[in-house]
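Here is how names work: the chains are called A, B, and so on, in the same order as the sequence lines, proteins then strands, and each is numbered from 1. The figures that follow rest on heavy atoms only: side chains count, while hydrogens, waters and symmetry mates do not.
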2 protein chains.
Amino acid sequence: MRADARKNRQRLIDVAVELVLEVGGEPARDAVAERAGVGIGTLYRHFPDRQSLLHAATRHVLEKSISAGEALIETVPDGVDALRQYMHMALDNGIGAVNILHPLLEKPDWPDLRARAAMLMESMVDRAVRQGSLRNDLSERDIVFGLTRFARPLAVGLPSDEERSLAHRHLDFYLDGLCAQDPGPAQPAISGIR
Amino acid sequence: MRADARKNRQRLIDVAVELVLEVGGEPARDAVAERAGVGIGTLYRHFPDRQSLLHAATRHVLEKSISAGEALIETVPDGVDALRQYMHMALDNGIGAVNILHPLLEKPDWPDLRARAAMLMESMVDRAVRQGSLRNDLSERDIVFGLTRFARPLAVGLPSDEERSLAHRHLDFYLDGLCAQDPGPAQPAISGIR
DNA sequence: AAGTAAACGGAGGAATATCCTCCGATTATG
DNA sequence: CATAATCGGAGGATATTCCTCCGTTTACTT
């Protein structure tokens, strides 16, 4: 494979992730090619059918996040720290794109990755709970849910780097909440709301 | 105004909010009319130009949430409780639609509402901070940011009522985090991530 | 109960957005 | 320098969304 070809391919994947996050759904193919600075023909050569680009993008983000996470679980002894670092890292990797794309892809061809991700987060949660520093009613699915809350830019009219730093800040607040074993002042039953 | 006309008008607004949340952006007009069970002509009669439906929908949600919030601040003495109840209530009112639509509407014609909302949340935050039960580095904008994280269904393939109840649960976690004055175990500086 | 103005519904053509093929021009590599 | 691989983007095909128009139906008045 020629060097320029490989470079273009990767660039297309990166741009795809970017745009998926911005748009909150499948971006127009033309838009991906344009932002990547390549012709449309190039995009279609690398990713011929409807979804192969999105597949590739998802796979890319997932692989990067999972292997970094697996490293973290080895090197960071404190469970909550590991979880915290994992979530911040995944956020920066664009993990939100995976959540957006997952329901749109017809034949997700990575049962392996899905399983690895689930296992990874289960271990993290388990360990942190055993260490007594995390609420004990949390599961891997809660972590996914929480992560997705902060993993996408939700248009509020902010410049994107400010949005990013706010997301990190609030993700930390959220994690503090997951650690709070005895949630401060009593929470009253709220009539008719939940 | 004839009774059926008013009913249809309100129904269109409600459906619009629903669809904005589902789609995460401007829904197709045809889709709104169809789900509302009225003809397209009816939609265009009530909301002739491009954005008047979206304006009306935003205004509706905002007004409902703000006046309920203003009542809460009178009746609930504890600052954090008031904030908590306000956020859960706004979430159920579809406040997420406001965040989605705000950047899309060209000439937001409700400077009044925006100001009222900001003032409302500032009071809530201020009071809770003064009472010593909320972090003291939070502003009204943080609350908006946090609220929007939980206020929209982010497609993860869940049935919508399960998604809703998860959102409420995790909003509570998040709020616990906003209360945590001394966030448990020391947070290490994370190298190269933020 | 009948008259009537107001409201309704939806077919269908216009406008727009997106897709994706095709082929001549360009460039990396031996 | 040759040449095979790669690139770029014009443009026709398709799909989606918009929104007018007018014949039909319905709520309200007297």
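When heavy atoms are screened at a 4.0 angstrom cut-off, B/Ala31 is found touching no nucleic acid atom at all.
Atom CZ in B/Phe47 sits about 13 Å away from atom P in C/dA7, given to the nearest Å. B/Asn8 places its CG atom 12 Å from the C1' atom of D/dA27, with the value rounded to the nearest Å. Atoms CG (B/Asp30) and P (C/dT16) sit 16 Å apart, rounded to a whole Å. Whole-Å rounding puts the A/His46 NE2 to D/dG8 C1' distance at 12 Å. Protein atom OH of B/Tyr44 is 18 Å distant from nucleotide atom P of C/dG12, rounded to whole Å. In this structure, A/Glu34 places its CD atom 11 Å from P of D/dA10, rounding to the nearest Å. If you measure from atom CG of B/Leu53 to atom C1' of D/dC19, you get 14 Å, rounded to the nearest angstrom. In this structure, NZ of A/Lys7 is placed 20 Å from P of D/dA5, rounded to the nearest angstrom.
Nearest-nucleotide positions on DNA chain D place A/Gly37 closer to the 5' end than the other of A/Gly37 and B/Arg45. Between B/Ala3 and A/Gly41, the one whose closest nucleotide on DNA chain D sits nearer the 5' end is A/Gly41.
A salt bridge does not link A/Arg116 with A/Glu63: every distance from a Lys NZ or Arg NE/NH1/NH2 to an Asp or Glu carboxylate oxygen is 4.0 Å or more. Salt-bridge annotation for A/Arg164 and A/Asp92: present, with a side-chain N of the basic residue lying under 4.0 Å from a carboxylate O of the acidic one. With respect to B/Arg141 and A/Glu162, a salt bridge is recorded, a charged nitrogen being found less than 4.0 Å from a carboxylate O.
Distance alone, capped at 3.5 Å, is enough to place a donor-acceptor pair between the B/Gln131 side chain and the B/Pro77 backbone.
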Tabulated below should be each protein N or O lying under 3.5 Å from an N or O of nucleotides 25-27 of chain C; please produce it.
unit_1	atom_1	unit_2	atom_2	d
C/dT27	O2	A/Arg2	NH1	3.4

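Residue B/Thr42 places at least one side-chain N or O closer than 4.0 Å to OP1 or OP2 of C/dG9.
Remark: aromatic rings of A/His170 and B/Phe145 are close, center separation under 6.0 Å.
Candidate nucleotides D/dT17, C/dG9, D/dC19 were compared by shortest atom distance to the side chain of B/Arg29, and D/dC19 ranks first.
Counting heavy-atom neighbours within 6.0 Å of A/Glu34 CD, excluding the residue itself, gives a total of 12 or less.
For the atom pair NE2 (B/His60) and CG (B/Asn93), the distance works out to 7.5 Å, reported to the nearest 0.5 Å. Note that CG of B/Leu91 and CZ of B/Arg149 are 13.0 Å apart. Values are rounded to the nearest 0.5 Å. In this structure, CG on B/Leu134 lies 6.0 Å from CG on B/Leu178, to the nearest 0.5 angstrom.
Axis orientation changes by 30° from one end of the helix from C/dA1-D/dT30 to C/dG30-D/dC1 to the other, with each end axis drawn from 5 pairs and the value rounded to 10°.
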